[in-house]
There are 2 protein chains.
Amino acid sequence: MGSPMPETTVCRPDECLAEDWLGFLGHRWNALLLWHLSGGPKRYSELQALLPRISPKVLTERLAGMTGRDLVRRVESNVYPREVSYVLSPRGEGLRGILSDLYDWAEAGDMAKS
Amino acid sequence: MGSPMPETTVCRPDECLAEDWLGFLGHRWNALLLWHLSGGPKRYSELQALLPRISPKVLTERLAGMTGRDLVRRVESNVYPREVSYVLSPRGEGLRGILSDLYDWAEAGDMAKS
DNA sequence: CCGAATCCTACATGATACTG
DNA sequence: CAGTATCATGTAGGATTCGG
């Protein structure tokens, strides 16, 4: 994922950090994925069903990004057929509140238009 | 709250709204732009200086997006040479708190890694 | 069932030159 | 100064197929 960092600093560290996170969250499917996972653990195939138009490649990519950033954790059972679930990490839970605020803000602004 | 949804719907309206906003905010430069504007009104050329690697085309695009969503307002003086400033709208101000929360959350998570 | 590996295309971004 | 107009390009995302 290319977030090129200019050699000369154009932003403060905390700001770049947040920009990076926004870039990540703004990536297609990520917000939706987080939303669905905040409703409880989901299996790979469940997520595919919930997001009908996502390709397996991208779904895997996104989930990898999420686990890499420790927003989500992968839980695998060793039985056959193997069963993999994805569940929000504590850190991911921490995001819920913020995203929820964003939802409220977006909705409020939308109401005001009418 | 458990109101049923048409099956063609992939997500609830408020959710789509927030996803749309995240997509917008996650677009390159937008968060940075908002950040700089939250420090006070800025002129076009100032923004160019603050974001050395942005092209005029994209800067204009982003500013149009911002004004279109009423996050930012454009203020023009009729004197010569003409002077255009961009300033955060009330709605844009409302975002500041949320973005600030995100900054804090990101920073906290980052500290915890070490 | 859960992915990995390819291939392909559209769009987002960047560079540059030009205008009111 | 504050943009617009073009052109070039990288990469994100989609479709499909294969493998453990």
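All figures in this text were calculated on a predicted structure; none of them were measured in a lab. Naming: A, B, ... by sequence-line order, numbering from 1 per chain.
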Value in whole Å for how far the P atom of C:dC11 lies from NE2 of A:His27: 16 Å
Atom-to-atom span, NZ of A:Lys42 to P of C:dC2 - whole angstrom: 14 Å
Considering all heavy atoms, the nearest B:Arg69-B:Arg91 contact: O-NH1, 3.1 Å
Any B:Arg28 side-chain nitrogen or oxygen under 4.0 Å from OP1 or OP2 of D:dA12: no
Validation row: B:Leu88, B:Leu95 side chains within 4.5 angstrom (heavy atoms): no
Atom-pair distance (CZ on B:Arg82; P on C:dG20), nearest Å: 12 Å
From D:dG3, D:dA12, C:dG3, nucleotide with atom closest to A:Tyr44 side chain: C:dG3
Proximity to the side chain of B:Tyr86 - top-ranked nucleotide from D:dA2, C:dC2, D:dG3: D:dG3
Sugar-phosphate, base or nothing in reach of B:Ser55, heavy atoms under 4.0 Å: base
Candidates D:dG13, C:dC1, C:dT13 - which lies nearest the side chain of B:Glu61: C:dT13
Donor-acceptor contact present, side-chain B:Glu46 to main-chain B:Arg43, <3.5 Å: yes
Nearest-angstrom distance from the residue atom CG of B:Leu51 to P of C:dA15: 13 Å
Distance-only donor-acceptor check, side chains B:Tyr44 and B:Thr60, under 3.5 Å: yes
Plane angle bin for B:Trp105 and A:Trp21 - parallel if under 30°, tilted between 30 and 60°, otherwise perpendicular: perpendicular
Contacts of A:Arg96 that satisfy side chain to side chain donor-acceptor pair (under 3.5 Å) - sequence neighbours left out: A:Glu93
Touch class at under 4.0 angstrom, heavy-atom based, for A:Ser45 against every strand present: sugar-phosphate
By salt bridge (charged side-chain N to carboxylate O under 4.0 Å, His left out) - contacts of B:Asp70 (at least two apart): B:Arg73
Atom-to-atom span, CG of A:Asn30 to P of D:dA12 - whole angstrom: 13 Å
Value in whole Å for how far the C1' atom of C:dG20 lies from CD of B:Glu76: 12 Å
Out of D:dG3, D:dG13, C:dA4, whichever nucleotide has its closest atom nearest the side chain of A:Arg62: D:dG13
Length of the CD-C1' vector between B:Glu83 and C:dG20, whole Å: 17 Å
Nearest-nucleotide pick for A:Arg43, side chain only, options being C:dT13, C:dA15, C:dC2: C:dC2
Five-pair end axes of the helix from C:dC1-D:dG20 to C:dG20-D:dC1 and the angle they enclose, rounded to 10°: 50°
base_contact_polar (C:dG14 base, B:Lys57 side chain, donor-acceptor, <3.5 Å): yes
Nearest to side-chain heavy atoms of B:Pro56, which nucleotide of C:dA4, C:dG14, C:dT16: C:dT16
Polar contact flag, side-chain donor to acceptor under 3.5 angstrom, B:Tyr86-B:Thr67: no
d(CZ, A:Arg74; C1', C:dC2) in whole Å: 8 Å
